[in-house]
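We name chains A, B, ... by the order of the sequence lines, and we start the count at 1 in each one. All heavy atoms count here, side chains included; hydrogens, waters and symmetry mates do not.
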Amino acid sequence: MSAFSAIGEETDVESDDYTPELEPQATWCPGCGDFIVLKALKQALAELGKNPDEVQLMTGIGCSGKLSSYFESYGFHTIHGRALPVARASKLINPELEVIAAGGDGDGYGIGGNHFMHTARENHDMTYIVFNNEVFGLTKGQPSPTSPKGHKSKMTPHGNAKAPMRPLSMALSAGATYVARTAAVNPRQAKEILVEAIEHDGFAHIDFLTQCPTWNKDAKQYVPYIDVQDSDEYDDFELDDMRSAWEMMRTTEDGLYEGKVLTGRFYKDDRRPSYQDEKKERGDLPQTPIAEDYFDDSHDWKRSYEIIDKHK
Amino acid sequence: MSAFSAIGEETDVESDDYTPELEPQATWCPGCGDFIVLKALKQALAELGKNPDEVQLMTGIGCSGKLSSYFESYGFHTIHGRALPVARASKLINPELEVIAAGGDGDGYGIGGNHFMHTARENHDMTYIVFNNEVFGLTKGQPSPTSPKGHKSKMTPHGNAKAPMRPLSMALSAGATYVARTAAVNPRQAKEILVEAIEHDGFAHIDFLTQCPTWNKDAKQYVPYIDVQDSDEYDDFELDDMRSAWEMMRTTEDGLYEGKVLTGRFYKDDRRPSYQDEKKERGDLPQTPIAEDYFDDSHDWKRSYEIIDKHK
Amino acid sequence: MNDNEIVWRIAGGSGDGIDSTGTNFTKALMRSGLNVTTHRHYPSRIRGGHTYYEVRASPDDIKARADEYNVLLALGDSFARSPDEEAVYGNEEVKPLTENLDDLAEGGVIVYDTGVIDTDDIPDFDERVEENDWNVYPLNLREIAKEQGREVMRNTAGVGATAAAIGFDLDSIKDVMSDSMGGDILESNVEILRYTHDLLLEEHGVDHDVTVPDGEHDEEQVLVGGSHGIAYGALDEGCRFIAGYPMTPWTDVFAIMSKLLPEFGGVAEQVEDEIAAASMAIGASHTGAKAMSGSSGGGFALMSEPLGMAEGTETPVVLIEAMRGGPSTGLPTKTEQSDLEHVLYTGQGDSMRVVLAPGDVEEAYEQTRTAFQLAYGYNIPAIVLYDKKLSGGLTNVPASFFDREPDPSMEATLTEEEVQELKPEGAQDFPRFEYGAEKGVPPRPVPGQKNGRFKTSGNEHDQYGYIDEDPDNRVRQMDRRLSRFDHIRDDLDEQDHQKVHGEESPEYAVLSFGSNKGVVEEAAETLADEGWSVAAMNVSDMVPFDHESVRDFIEKAEQVFVVENNSTAQFRHHVQRELAGYDEKLTSILKYDGDPFRPAEVVDAVESAAEGGVETSYNVKIQHEQSRKGRDTETVKRLESVQGRGDPQ
Amino acid sequence: MNDNEIVWRIAGGSGDGIDSTGTNFTKALMRSGLNVTTHRHYPSRIRGGHTYYEVRASPDDIKARADEYNVLLALGDSFARSPDEEAVYGNEEVKPLTENLDDLAEGGVIVYDTGVIDTDDIPDFDERVEENDWNVYPLNLREIAKEQGREVMRNTAGVGATAAAIGFDLDSIKDVMSDSMGGDILESNVEILRYTHDLLLEEHGVDHDVTVPDGEHDEEQVLVGGSHGIAYGALDEGCRFIAGYPMTPWTDVFAIMSKLLPEFGGVAEQVEDEIAAASMAIGASHTGAKAMSGSSGGGFALMSEPLGMAEGTETPVVLIEAMRGGPSTGLPTKTEQSDLEHVLYTGQGDSMRVVLAPGDVEEAYEQTRTAFQLAYGYNIPAIVLYDKKLSGGLTNVPASFFDREPDPSMEATLTEEEVQELKPEGAQDFPRFEYGAEKGVPPRPVPGQKNGRFKTSGNEHDQYGYIDEDPDNRVRQMDRRLSRFDHIRDDLDEQDHQKVHGEESPEYAVLSFGSNKGVVEEAAETLADEGWSVAAMNVSDMVPFDHESVRDFIEKAEQVFVVENNSTAQFRHHVQRELAGYDEKLTSILKYDGDPFRPAEVVDAVESAAEGGVETSYNVKIQHEQSRKGRDTETVKRLESVQGRGDPQ
Ligand SMILES: Cc1ncc(C[n+]2csc(CCOP(=O)(O)OP(=O)(O)O)c2C)c(N)n1
Ligand SMILES: Cc1ncc(C[n+]2csc(CCOP(=O)(O)OP(=O)(O)O)c2C)c(N)n1
Ligand code: SF4
Ligand code: SF4
Ligand SMILES: [Mg+2]
Ligand SMILES: [Mg+2]
């Protein structure tokens, strides 16, 4: 029997089961897009029938990072920019957990950008939600890597001189196998995409447009949005064709700053094995979760004495 | 008169003028590709008539990082992965210097990957040479982010489980405005590309294939190589068209691990202003080098007392 | 409470403009001729959550926040929940009143907004009012503001009412308001100000003796905080480059510099992380500019490796560290002095940096200038260590304090002419790391200077900067680099940072560092007034340490109380490390609940500890032993009012 | 030199296989029944550059490298320049001979390769040979190897020749060779071994008294270094996860673990940087595995912030820090003990970590196990601090030393059954940070356990792990976390790490930490043999410090010499910090030229310092004062032979 009976248990859960009694009420500002991420995530996990005890949520630091305070599961509020490596290891030690990482655009594309790139390259099996509000929320409105050129703040009185980074095409170039963008203004799509991302075996990246009415008035409204899957104009790319996906992503990224909000799935590759599977295949990761061994009294713990002969 | 008379001075230099008397002889292993980077860089700067005193070379840590020991100019051997931010600031303080940054594939794509991405995004005007030997050289053969899948080493006895990262398409997606790959086996092309990169106004990235005969026997020979500009098979992409460049880069990146060594220029964009110019345009960077002010006795040093009224 | 002062507090929801209203009122008090200090309390949250802003004002010399306060303006927390979610903290709205009653002095004044707060929701409110003799003035501020057209004017309405309650003339308030507003907005604000002022007098009459004292300044004052001191010191010293990444509370300095540098002919960069920030400051400095970076907590932790690069390459740079509650993300918006050891020692190898911890706004300005002078005089990194308290607390300083000459000079940097003169005959490179250099500091050329080229490396290097692992070269370079500290100490001796405040040879001595300066001085004064034989010293020079002054101070006293805002007595241990003694003589007075000390807390702790006691009536800990061992054998008496949410037992 | 020992050195070019030849010879000496210790010198460069490998062998108990050596096998540096560049270090090839003459004992033996080295290029070679009574055996090893078909067999050829010169039986050498080779390769190696052995005897005859002593071990021995000790300790304690990034000298542990973990049912990850490495170890531990990471110098500096996360979230993790010369990139391949302060204090806020510094291979094994026990017993990060010397120096240990039970248990981690039992009635979450927990350690559930879910955060949090900035909660949580150190100290007291070696109440005491254990013990023995009243103590417990034992040791002596490998006396200051005393009693003996101490250096320094002297005949510094101030008023007498390249004067 597993030492972790919450895992894989048949569960009948509702969205509300992911609401913590101690912090049922998120303290984000009125109108903040982050509320919708929380709601969509609850719905997605309920739809997937996940027991809160089998979900490990790792968050960064930012308004977005507080997600783990308002979501009832195992929750690890890490440090700024480092949710991904913490999550990666969690999944390696217990691949049966549902591991979700989340954080802001500053957290994930700024200070944590290198982890983002390398986690995508390695195709770790997990879901990564980036709350993209095009601004540093928690520290009060400084430009983030996705802020539009010209964004004004205390830090940039003459407007941001930097061009925004391109989260979708970067994720793809880096190696992510599921890439989507959704928006807080479209909670139905958000939930669906979350379900797909969680079900995907490999690194699933969701760029989640979350308006920040407090610090980013310009980008406040992500409406009207276009769902590329529902659109005749934009649906002529193949989800599993990298080259056409890349083109569509560039169009989408440029569009955001020209007022055209394109959302939907942009890439999905089911052929590339996840990192966990690659490691297992090479004999570099045990077939059963390492976490189980510590609770298994019959586990055979190999000791150094067994290999000491080579030093004789 | 400038406080830096080496800058822009008409100079008649030869390749040998960049050879330091104290370390004329690089200590790389016999057959190491790094020798060719050094040689090509000397030739390129001689061709451009640069005074060694107007060149600021910033290097990372690695076999590659020792470039600054063997090259006669102002030389700053920084720390692992951080040559780019050091170089960026140098160029902001004195845009008239010729700033060149260099380091290994581990240094630049691994630990320093985030600086690489953001320096490209911001399009800082400088040349960045990555010695890509597909391995950690100085620390003795561990896999680097560009090591082929399956690379064996002490650290990976069953072979590397990670897919290599894609330096060219990443640079492009990130925002670099000049992207090329050359190889130590092709010193003529290397020199030409270096000349172009140094002349380019913006972030010029060169992925320089440097065989490491000591730790990476597999990748030892980058021959036969194909110069895409000279090839009928591969020259049907446009240097200034992002989409076709991206496709060509993917082909080139994949090819390397299949034994097809494609080199040459892959992207060049002369329209996007450099970061220095963006900042100047917004009034966020003075028109003349800040470094000059400290040597200019007539410079008017504004003081805090001039703005103290707002606190009254 | 001192009769000759007023301590006014405005409380409300985070994001409700409490901060700017408080600052404006402070300015008005200052312009009326009073000395002021401010203290701000806020949660790590953007909107909502209880926050307050307190100003103490007096014609006397004041150095710290007050022990209690006597005027409360309680606005409601306007924090609105998302319509999609249900609010559950039912009493959040009344917090601006409930949370602020404990510290309100007897006979104090309360003005509150009946539009949001219903005192029926507050247990024992009327009893407490009676017991404490509070003077309560309820007004429907929200309604009044709404009627005048804009609900946000609630703050102004409240200000008008409290002004009436304490007899503060509206003119200086209007004066301040007109600095930042004009036209219709100014007019309607002035109108509402006057309206509630008159209304309060009409409806309630004023029948208490809490009134604003009169004062007069000799000269014009400015209202500034530690962050201004640091930023202006840097600018006046010719700093023209900053790179950073936002982090509370360091962001203040970064924002001031980012705004001003373009005007001052410099450049500011917000970059991808703190590693890049510190590396860029080093690159900028190497290229000839006076440069700085900085951060708080985890951001500074990321600078450990670049800081070492500055040490190893002898590149001058000034780094700023603004402390907050730790470890890890800790208490992001609260104050603490717990990064001392981190700043002293982070980074591999023998550390080689200057560390100064200024005690107030003036010291922040002056010591930042000193940090630049030492950094660029000795080609060494210099760190200015301060905290959230010093950063955000405002105080008045004579405007003339800032009337000083800028000094962009870099003592240990060469001009191109000097390079030509000093370059050894026949050498290809410049000997940037010459063994025999005066004071251990070989001066540096700047890239672009003809014949100045040199190498530099974080690896051990020879006199030209080429990597060199020869043991003898190593020892010579290490000794040369270390020898600089003697000369730096000599320079600092001239600045006389460590001064004794109080008796020459007291029975009791109070030792502190950094931002506790004013608190400890005021506490010592109170103790002296009570007849104690006491003196205080606040230490700024962390490295190189001022052995002579501190030893002398300790030697002369019979018992020494080391006051600091952290839980492991870092400063006391630093003293022990440097002076190798005084085991029995030192007693720690520690506070680490996120709030700064008040003078009364220090007085109380000293009184208890002097008798060998270990208890105080505050959240303050007395520790007689010097080490971690024995930590839980002592007792802390805590305020029992709050038990922490979710007690599982 | 001791008569009963042989100290054999093989010198050549980096990359020429000096290392494996040396290790094989060492094994052969061990198998012949001798005790061995090794020391390796190499440049931060892959191929070329002078390197040597030294083994000391004796039937006696030996604890350190020898003061001098008596057999040199000088191979040429085969380092070939790139054909495109001109070689200019004309004499690089002879360095394996020239660089090694200073330490060669009188009457010593030299075997060198005339195929590469021409002694005419060496100034005064013949005079020095005569003066020192050296026995020189030139052989054209390169030529011989070439003739036998493979130039790389030069090393084997040299080994055969030195074996002949010191009367060492070829059997144990052959035996060792056959472990790693077979077939033709083995055969031709054995052939050349025998060939040069016989040739030397034939051509030269042997006429000196330097011979390999006889010895016998009671039981079978294994040849291991500190890195094996650490890795095997970790494995036996059930560590099944490592994440890292290569860095000298930490790479050794990382490589051993990376190779073995898959065999042991664990997982190893080389990741993008050290921030990720430490973060991953924390993530792995959080998910229920015993996990570790580690680095050296700058790599560990990058772990500062994740280390704080482990402290703040009370996630157990073991970090390994392997010191090398600093600051910054420093001396990457040389040894130093200069990261002590860094490891103790890096990271913002009051530090909360265990730090142990083992002194030899056995301690490395045992203290690594202890580190895991404490980490997982107290949910706290524990750091093992060692250095390049301990990492790379090999020594023999009885094989039975490793015959121990594995212990994967995690004392402060719950099973799912325990979670159900302990979960408070009606609570939705598990109170992972309960105030009242025994020993201050609330045990933790593991993700996936039913009903175990909890929150954790680097922010201050309440008993369930929710962010909570309430001052009272803060104080309680801090006090609880700090209270663990008392209990940890109690646990460590049982291990008795700090032992006195020598007299009970000596006149002179020698205090050291970490890898200087053997050196200092041997030095104390020498001094005792010379009639000094002396004792030594090596300290391992850095945090929590063993106040009692160290104070007692210092109290009992009249003068205490603190021996350490760094320039700022970090350990001495740590002692002062912890004990708040002994200003006058402590004298530092410092070495920071990149090489480890030899016993004779300590003896010499103690002899000088005991008289109040400040000079030694080595690159060793005596410092009587305790602080940086005064640094350049004292003198270091250096070996004058090397002035460092490129003296500009
Ligand atoms: C190392 C470090 N640097 C800086 C900070 C301060 N900080 C906290 S959140 C944040 C950025 C928040 O922006 P984002 O990641 O976009 O999240 P948001 O608040 O917008 O959701 C910063 C800079 C920190 N906590 N740690
Ligand atoms: C922070 C830090 N981590 C690790 C190291 C150790 N280190 C030095 S060079 C290097 C990698 C070298 O690989 P690469 O960058 O590809 O350069 P190469 O030697 O192959 O030219 C590493 C890991 C270091 N110096 N600093
Ligand atoms: S500041 Fe912006 S991102 Fe943060 S909670 Fe408020 S609206 Fe949301
Ligand atoms: S190890 Fe490889 S990269 Fe380094 S110098 Fe040798 S051949 Fe070149
Ligand atoms: Mg954001
Ligand atoms: Mg490499």
Side chain / backbone / both / neither for [X] at chain B, heavy atoms under 4.5 Å:
{"X": "A/M165", "value": "both"}
{"X": "A/D277", "value": "neither"}
{"X": "A/P157", "value": "neither"}
{"X": "A/L172", "value": "both"}
{"X": "A/F116", "value": "neither"}

Segment of [X] engaging chain A (4.5 angstrom heavy-atom cut-off):
{"X": "B/H158", "result": "both"}
{"X": "B/R250", "result": "both"}
{"X": "B/M242", "result": "both"}
{"X": "B/M117", "result": "side chain"}

How close do [X] and [Y] get, heavy atom to heavy atom, and via which atoms?
{"X": "A/S173", "Y": "B/S169", "result": "OG-O, 3.9 Å"}
{"X": "B/A163", "Y": "A/R272", "result": "CB-NH2, 3.8 Å"}
{"X": "A/R282", "Y": "B/A161", "result": "NE-CA, 3.6 Å"}
{"X": "A/N114", "Y": "B/I111", "result": "ND2-O, 3.7 Å"}
{"X": "B/R121", "Y": "A/P164", "result": "CD-C, 3.9 Å"}

I'd like to know whether [atom1] of [X] has more than 12 heavy-atom contacts from other residues, nucleotides or ligands below 6.0 angstrom.
{"X": "B/E238", "atom1": "CD", "result": "no"}
{"X": "A/K302", "atom1": "NZ", "result": "yes"}
{"X": "A/K154", "atom1": "NZ", "result": "no"}
{"X": "B/E306", "atom1": "CD", "result": "yes"}

Q) Counting heavy-atom pairs under 4.5 Å to chain A, which of B/G113, B/P273, B/G175, B/G283 comes out on top? A) B/G113
For each of [options], tally heavy-atom pairs with chain B at distances under 4.5 Å, and name the one with the top tally.
{"options": "A/K279, A/E253, A/K149", "answer": "A/K149"}
{"options": "A/E122, A/R243, A/R166", "answer": "A/R243"}
{"options": "A/N160, A/N123, A/T156", "answer": "A/N160"}

